[in-house]
Amino acid sequence: MIEFRPIVKTIVAYGFIIFVYFVLQTALFPRFSLAGVSPNIMIILVSTLGFAKGANPGMTVGLICGLLLDIYASGYFGMYAMIMVIIGFLNGAFRQVFFGDDMKLPLLLIGTSDLLYGGMVYIFTYISRGRLDFPYYFMNLMMPEAVYTILVSLILYFPIIHLDEWLAKSEKRNQMVA
Amino acid sequence: MNRRGKINIPSKVLFYVLVIMCAMLLALNYVTGFSGGILKNISNYIFVPMQKGIDIVGESIMETGESAKTKEELIAENEALTAQVETLTTQLTNMQLQQKELERLTELFELKQDYSDYDVTGARVIARGNSNWFSTFTIDKGSADGIKVDMNVIAGSGLVGIVTSVGPNYSVVRSIIDDSSNVSGMILDTSDNCIISGDLMLMTESNMISLSELSDDDDEVEIGTAVVTSNISSKYLPGILIGYVSDLKDDANDLTKSGTITPVVDFMHLQEVLVIMETKETE
């Protein structure tokens, strides 16, 4: 039998964290941009969910985050959604080797995901318009963004992980009561 | 996940389903120009109020960080500013008189300054930076305030960009420094047409945007000349200042010139913009 309460709780919790992170990305962090770039908060969320919780939650949240980015972008509608789904899926493959107490792997994965995201945006939207100097964009946009994202993820990584634990705990408690 | 009997979808299957879904969205966007539909309305009521709030908070954080002033300093500044207000008010009155005179004279000359006649509405920039690759931002006015796609956005005296998508209470603006932006421009002095395109590389290196396809056979265009939007542009209203030519050189084909222009708008610190409430009518 499917219980609805934990499902609703999960949806609310995930919706809330997507909301907060999206507002952070679009309204707060652009004010504190370094070297002309602001961090990619959505990548932190999608990537972390991918390797901590599995490919399916990663992809689902990735789709929602991507669609949000698409709504507030002026390019091809659906592009960010696709990129985020791919990133959620790829990060899901690392769930087997992820242990919560080690920060090296999460930071590495978040950084790599951000570079991958940059690479895909470049391929989808820049190459076709004849902007072929990839090394330039790599050094001046993708790398600084990845570094800044990793720095920010030192803080923003924990709410995602603890949300997970909190949900798991409250589900267990409910099961014990029931 | 399946310990409570939930159906467990293999992630590969879900992956293909979602990617195909996104591909369909992209195709739909390509064919019909679909850009969110109902999703826009949902996001409108969830995000816009919060972004407005955060924007104000962020602004105050920046302000307190920048200028933590003592009471004495504030009093001194207040006095100085009051004095300044008085001088400015006098100046303003003079200016208004001159403006009246100018209007009267232009009327006499039957010159009509289109530029100042545009009906504009002010809007606040509430969000930006959903990607470092593009330069778009969100403003707090939308279709409820009469904003439509393709309306031009200006700030101060210069062109900022164009509205690319509209929700009930917000609009997305693509600025002219965006890498995919192309504006048909015109050299003010010589009326030569050219293309003004945003270039991320130029923007990061030197805060400039690129100018190309300028046919200037007599070498009349000089550094420092103003560039405005052209009257042959399909989406931009004519005569809006874009920037000043800062560099110009012959192209390899020896027929046209290209170079860079410095935009008049400070895109880094954009807070308020004006939306021109009319779109250019094209056949």
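Keep in mind it's a predicted model, so treat the numbers as computed, not measured. Reminder, nothing fancy here: chain letters follow the sequence lines and each chain counts from 1.
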Crowding at CE, B:M277 (>12 non-hydrogen neighbours, <6.0 Å): yes
Gap between atom OG of B:S131 and atom CD of A:E145 - 0.5 Å precision: 7.0 Å
Check: A:I86 and B:F15 side chains under 4.5 Å, non-hydrogen atoms: yes
Segment of A:L141 engaging chain B (4.5 angstrom heavy-atom cut-off): side chain
Aromatic centroids of A:F77 and B:Y30 separated by under 6.0 Å: no
Proximity of B:F137 and A:Y72 rings by center, below 6.0 Å: no
Heavy-atom closest pair, residues A:M82 and B:V19: CE-O, 3.6 Å
Which portion of A:L63 sits near chain B, non-hydrogen atoms under 4.5 angstrom: side chain
When B:L200, B:V173, B:V125, B:D178 are compared by non-hydrogen pairs under 4.5 Å with chain A, the top option: B:L200
Distance, nearest 0.5 Å, that separates CG of B:L25 from CG of A:D70: 8.0 Å
Winner by heavy-atom pair count (cut-off under 4.5 Å) against chain A, out of B:S165, B:G167, B:C22: B:C22
Contacting region of A:N40 [heavy-atom separation from chain B under 4.5 Å]: neither
Portion of A:F29 that has a non-hydrogen atom of chain B nearer than 4.5 angstrom: neither
Pick from A:G54, A:G88, A:A73 with the largest number of heavy-atom pairs that fall under 4.5 Å of chain B: A:A73
Closest-packed option against chain B by number of heavy-atom pairs under 4.5 Å, given A:N140, A:L67, A:T125: A:T125
Engaged part of B:M21 at the chain A interface, taking heavy atoms whose separation is under 4.5 Å: side chain
Interchain contact, A:L24 with chain B, by part (heavy-atom threshold 4.5 Å): neither
Check against side-chain contact (heavy atoms from CB on, under 4.5 Å), A:R131 and B:D199: CA-CA 9 Å; A:R131 307 271 200 241; B:D199 188 332; 4.0 Å; yes
Part of B:T138 within contact of chain A (heavy atom distance under 4.5 Å): side chain
Considering all heavy atoms, the nearest B:L26-A:Y76 contact: CD2-CB, 3.4 Å
Pick from A:Y137, A:Y80, A:Y126 with the largest number of heavy-atom pairs that fall under 4.5 Å of chain B: A:Y126
Point-to-point distance, once rounded to the nearest 0.5 Å, from CD1 of A:I71 to OH of B:Y170: 5.5 Å
A:R129 (side chain) donor-acceptor with B:D179 (main chain) under 3.5 angstrom: yes
Chain A contact via B:S11 - side chain, backbone, both or neither, heavy atoms under 4.5 Å: both
Part of A:L68 lying under 4.5 Å from any heavy atom of chain B: side chain
Donor-acceptor under 3.5 Å (A:Y122 side chain, B:W133 main chain): no
B:N132 vs A:Y148 side-chain heavy atoms within contact, under 4.5 Å: no
Which atoms of B:A27 approach chain A - backbone, side chain, both or neither, heavy atom under 4.5 Å: neither
Over all atoms of both residues, closest heavy-atom pair of B:M201 and A:Y136: CG-CE2, 3.0 Å
Structural part of B:L14 lying under 4.5 Å from a heavy atom of chain A: both
A:F16 atom CZ, neighbour heavy-atom count above 12 within 6.0 Å: no
Contact class of A:V121 relative to chain B, heavy atoms under 4.5 angstrom: side chain
Whether over 12 other heavy atoms sit under 6.0 Å from A:Q96 CD: no
